[in-house]
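Every heavy atom of this structure was used, including side-chain atoms; hydrogens, water molecules and symmetry mates were not. Please read all numbers here as calculations on a predicted model, not as lab measurements. Below, chain A is the first sequence line, B the second, and so on; all start at residue 1.
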Amino acid sequence: MEIFLKFICLDIQELKTSTWFVIFMRFKAFVYVTLKSGYSDPEGETTANALTGLGYNVVSVRSSKAYEVIFEASDESNAEYLINEMCRRLLTNPTKDDYRIELSEL
Amino acid sequence: MEIFLKFICLDIQELKTSTWFVIFMRFKAFVYVTLKSGYSDPEGETTANALTGLGYNVVSVRSSKAYEVIFEASDESNAEYLINEMCRRLLTNPTKDDYRIELSEL
Amino acid sequence: MKRQDIRVLLMRAPGTNCDLEALRAFRDLEVTAELIHSQKLFKTKNLDDYNIIFFPGGFSYGDYVRSGAIWAKEMEYRIGKELKAFVEKGKPVIGVCNGFQVLVETGFLPAFNGKSIEPEAALGNNTHGYQCRWIRMKKVNKGNCRMLSEIREGTIIQNPVAHGEGRFILPPTNLVKLLEKLYENDQVVFKYCKEDGSPANEDWPINPNGALDDIAGICNPEGNVLGLMPHPERAYYGHLMPTWTSTGLKKYGDGYQFFESIIKYTEKNF
Amino acid sequence: MNRITKSDHSFDHYIIDLLNATDDELNEIAKTLGLGLSLQELRFIRDHYLIKEKKATDIELQTYDQTYSEHCSHKTFKGFVNTPEGTINGLLKSYIKKETDEINAPWCYSVFEDNAGIVDLSYEIAVAIKVETHNHPSAIEPFGGAATGLGGVIRDILGVWANPIACTDVLCFGPLNYPYNKLPEGVKHPSYLFNGVIDGIGSYGNSIGIPTVNGATVFDEDYTGNVVVYAGCIGVLRKEEYVKEVKKGDYVVLAGGKTGLDGIHGVTFASAELTKESETTSRPAVQVGNPIEEEKLKRAIKQISEERLGSGITDIGGGGISCGVCETADKYNLGVQIDLDKIPLKAAKMAPWEIWISESQERMLLAVPPKNLEKVIQIFKDEQTDATAIGRYDDSGLAKLFYHEVKIAEIDLKSLFEPPKTTRISAWIPPKFVEPELDVPTDLGLILKKMLASYNIASKEKVVRRYDHEVKGQTVVKPLQGWNAGPNNAAVLKPLEDSLIGVVVSSGLNPRFGKIDPYWMAASSIDEAYRNNIAVGGRRIALLDNFTWGNPEYPDRMGSLVEACKACYEIGKTYEAPFISGKDSLYNESPLGPVAPTLLITALGIIPDITTAVTMDLKKPGSSLYIIGETKTELGGSEYYNLYGYLGNLVPKVDAQNAINSYKKLTTAIDSKLVLSCHDLSDGGLGVALAETSFTGGLGIKINLEKVPVSEEMRLDYLLFSESNSRLLVEVSDNNAQQFEKIMQGTKYSKIGTVTSEPQLEILYLNKKILREPLNELIKAWKTPLEGPR
Ligand SMILES: Nc1ncnc2c1ncn2[C@@H]1O[C@H](COP(=O)(O)OP(=O)(O)O)[C@@H](O)[C@H]1O
Ligand SMILES: [Mg+2]
């Protein structure tokens, strides 16, 4: 584990008004984003067809995206909170995606 | 685990000439395809920038693709062999991609 | 052979979509050009009837997995032998955009030591995402790519690019050596360049996708398989050029010489 | 009493007893079945079943629900409107169609009839065009929503047997820098929507291989809660291939993608307001597009139309198979019998009503005479896609549906297509905004750069480059001009190999004007679309109207809609530009309030010879620069006021008679090859237009501002940034100046300066230098805001 000493604010909304010393830690999160069931997955279907065409006995393929995000947070529970927020705000669309996070300290 | 009894040939190349009874099993493989280190990952960089722009302390993001492949094989070692072959033949380009497989019997 | 006897095979798959421009160009040059669904060819397998094979651009099978990958593997599985025989006869095979991707994925390009089993290069994600824009490229080939011998070395050509995956790359572990080899074999055909022909130096947007050493197009060591990301077929007529309203309208645009050279070469050598 | 009972069959099938049902009971039934029908419509249906003396089934009521929805039946535009001045019997009939009928242009081939408007291109060839909205789905899932919006409008073009040649898209977002903490729950951030929508349109259009050549990107606070996504498609067809002769005995052939649980109740959803729950409750209505499936359909349909193998065609969009099948049967005065078991499904478990109304993407419906059936199905197969005969047309006037050999519905088509008319109430009260009193700025150059850098004026390269606008090799005038990528006025396409004739597409919308005055907003949009078209050499212009409005059940929203329709009639008529197609999307309301009333006008012109097309970049040092039209103190809704945070009241008006007069003369000048470049004046007025034309051509300008024709004495900043309509900048080579002036006689125009080889924009007023800016700084200001990594 590495520890980072940085000028940083605790609340991102207050970035402009306040800064002070905080001990920050680095985390690595794997985020797997999959289409919710019920959505058709043209990429998966096409890939499955292609594999079948190459001679494999493929039953189905689901395609998905994954991100490895390295980021800083004050502690583990903060890290968990932040990465979930990132998922909801940018990395996934809760309407159609499910996601799964694997978090570890660096 | 489910066991499938199917008319199937052992060698896909011989599909037209011979068929006989074989006991087949179903496997599920997660395949994660990542860009080899050494290549810039525009999607990852864009995502990292966007997350930074939202106020997170993101150090880096690497994007990757993932496939959940459900397929049939005669046994575990055959399954491992087949899914590796699928990766090399279609799912990745060894020039730029690394991959990792998580295989399990269904 | 006589021009009207030249037969060009344009192949298509679901998602191919730059076929009609290419067909139009060949037909304008008065050769026989046929656009055929690859499924049909998988059945007949008769490539021998043709003198030139052209893989047009587009999004074959949605470019799922990787651009061109699915079509390439399907082709290899179904007519791999026939394609290889065609290439070994020295006949011209050309891939533009998605067609280039297909030729790399099948191992016909760069094919340092003949057709490879696994791809030896890749067309990766553009540094700036999908882009549709006009670029300039310079012909740098010293003569190995004989089908383009009508285009003088150093000629600057304006063509549009439109792709999300076209960044030419080689394996990082062996990059320097392979790049050297590419030049040694005179396999580099087109490079992105500035208005005055000087190198783009991988600067965006002059090099629109971040391609290694500004490489826009390459050929195999024998020179008869050619792939490039820019679209000469979309610059075939003068009225398609980006500044024809200010620089004056000519009948043909920069893409014309590309097709004309291929046809003249075929006329002379087969 | 329980009016809904399950039948004895093993599948989902319910019998509904409507006999003497009370209003409460009707509402209860609607709620249980998830229907969006109004009480008036429910009563109408109840009475219909009373006459027929039978019970209804769930699938029958679902069919009524789909057909009567706002999205499918346009009840607001077809119904009554009670205004303070009296009752209007249908906005469509009283204004839009009336305009078209009165103009009665002989070149209108098929208008307001089919899936798209169709006009002549040549004697044998016609052009079809359609523009659609896809706002609600894009707000929930921007990528999928926008992509399937484009996919849908492309199918509209396929649905008139035309071959798509180009797409357009017009997008309205909230400000990209909107504060996150001000977003209400359930509303997505404008930059998330922006990236998603653009990627969605790009991915679909690029993959199917149709160039996206024209559009607009607008940012305004009022779009934060209601993103607006218009997608358009243009196609060409041989008139003899426009076959519409479905007969009794023809097969109903369903082609393309499989039918799934995705997109169920999309129509009811599109006709309702967005709430914070929409995200979760509306989920199945949002879909993932599959452009390759549609590409295959496109190829197959082209071959079928070339060989004339079908007798009719329509797309499957809102309402799913139910609408496509019933509409076709009704249109040809036939009946139809469908076997739901034959429909290929994605999901294993679907209730029959779900199969019937699912809006799964990438499906088309063809009518095929028995002798061609086999061949048609083979053509689809050769393209690696499916086609299935799911039923046949008969002459019963009924739609009869079978599932597992049980007749589960028998619907009287007449009752389906003659729904009761709604009545809406309208009351338009013009709002009053503060007319600002601004100081005259000392540094006009700085202001100009700020204007160029505003999101609404800045370069849209980031959007436009995401779309392939060159595929098909027909784009003669491109959205971005030359190496400096200036904003062209309209796109010109050359769709025919053996002819120089071109198709000209442009668009106009002025939502900020609409907040002040919907009438002049509509007038301005028509004028803008029209003059953009004229500017490149277009003529014989046809118009499309696309309304995006708030909930029409509020009298003020309805009132402004009426105002806008009036302008469509009056201005359109004077321009002799018939409306040929259109679409409305109402109920655009969010927790942040209604959408800004947004009328998009798309103009479709032709140019007889594409080699005479004119682009907006300056061409030659020494040539004369003219302005056409009069500049007025009309800064209401302008970008200039917006810079200072004001809206204002004095919205630009349109003097249609004078405008059309100068446009006609300009066309003559263009045809006489006198015009080197031409640029329309719109957002940011004269100042912005001068900068754009200049840095695009890489040539300088020197003008005398006092030469600009004005209606009254004006402040210099207003003169430079007023957005008065009907104005254009025209570059004429010096030796043609006299001839040009002769042609323009009788119009308001003036030579205001010359083109120079110095790379700068220089503006003098009575010999005093009031602005001098190097071109590289202007272009930098213009390109920076929306450039760079995404
Ligand atoms: N969303 C979009 N889709 C396609 N083209 C667009 C889009 N936004 C802008 N464009 C194109 O970019 C060019 C400049 O747009 P804009 O600055 O809005 O022009 P104007 O000033 O004429 O309204 C036009 O050719 C227009 O068609
Ligand atoms: Mg503009």
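Residues D:Glu306 and D:Lys302 are paired through a salt bridge, judged by an N-O separation under 4.0 Å between the basic side chain and the carboxylate. Salt bridge annotation for C:Arg234-C:Glu21: present, with a cationic side-chain nitrogen under 4.0 angstrom from a carboxylate oxygen. Ion pair D:Arg363/D:Asp386 not flagged as a salt bridge, since none of the NZ, NE, NH1 or NH2 atoms sits closer than 4.0 Å to an Asp/Glu carboxylate oxygen. In this structure, C:Glu165 does not pair ionically with C:Arg66, as no charged nitrogen and carboxylate oxygen lie closer than 4.0 Å.
With no hydrogens or angles considered, no side-chain donor-acceptor pair links C:Glu105 and C:Trp71 at under 3.5 Å. Side-chain contact annotation: C:His37 with D:Asp382, donor-acceptor N/O pair under 3.5 Å absent. For the residue pair D:His679 and D:Glu692, a side-chain donor N or O sits within less than 3.5 Å of a side-chain acceptor on the partner. Between the side chains of C:Asp28 and C:Tyr256, no donor N or O sits under 3.5 Å from an acceptor N or O. With hydrogens and angles left out, the side-chain atoms of C:Glu74 and C:Gln39 include a donor and acceptor closer than 3.5 Å.
At a 4.5 Å heavy-atom cutoff, the contact between C:Arg136 and chain D is made by backbone and side-chain atoms alike. Both the backbone and the side chain of D:Asn206 come within less than 4.5 Å of a heavy atom in chain C. For a residue to count as touching a neighbouring chain, one of its non-hydrogen atoms must lie under 4.5 Å from one of that chain's; by this rule C:Gln158 touches chain D with the side chain only. Heavy atoms of D:Lys494 lying under 4.5 Å from chain C belong exclusively to its side chain. Proximity to chain D is limited to the side chain of C:Asp19, based on heavy atoms less than 4.5 angstrom apart. In this structure, the portion of D:Asp617 lying under 4.5 Å from any heavy atom of chain C is its side chain and not its backbone. Heavy atoms of C:Ile135 lying under 4.5 Å from chain D belong exclusively to its backbone. In this structure, chain C has a heavy atom under 4.5 Å from the side chain of D:Glu497, while its backbone stays farther away. Of the two parts of D:Glu461, only the side chain, counted from C-beta on, holds a non-hydrogen atom closer than 4.5 Å to a non-hydrogen atom of chain C. For C:Tyr64, the part sitting under 4.5 Å from any heavy atom of chain D is the side chain, from C-beta outward, and nothing else. Both the backbone and the side chain of D:Ser207 come within less than 4.5 Å of a heavy atom of chain C. Heavy atoms of D:Ile208 lying under 4.5 Å from chain C belong exclusively to its backbone.
Using a 4.5 Å cut-off between non-hydrogen atoms, the part of residues 242-255 of chain C that approaches chain D consists of C:Pro242, C:Thr243, C:Trp244, C:Thr245, C:Ser246, C:Leu249.
Note: D:Val476 leads D:Leu618, D:Val476, D:Ile610 in heavy-atom pairs under 4.5 Å with chain C. Ranked by heavy-atom pairs shorter than 4.5 Å toward chain D, the options C:Gly62, C:Pro14, C:Gly238 are led by C:Pro14. Taking chain C as the reference chain and counting heavy-atom pairs below 4.5 Å, the highest number among D:Glu383, D:Glu294, D:Lys296 is found for D:Glu383. If you tally non-hydrogen atom pairs under 4.5 Å between each of D:Lys298, D:Gln384, D:Lys620, D:Glu293 and chain C, the highest count goes to D:Gln384.
In this pair, C:Phe258 and C:Phe190 present their aromatic rings tilted. The plane angle is within the 30 to 60° band.
In this structure, the side chains of C:Asn98 and C:Phe55 stay at 4.5 Å or more apart for every pair of heavy atoms.
Interatomic distance, D:Asn290 CG to D:Glu295 CD, rounded to the nearest 0.5 Å: 11.0 Å. Atom CD1 of C:Ile157 sits about 6.0 Å away from atom OG1 of C:Thr155, to the nearest 0.5 Å.
Between C:Tyr237 and C:His239, the gap from one ring centroid to the other is short of 6.0 Å.
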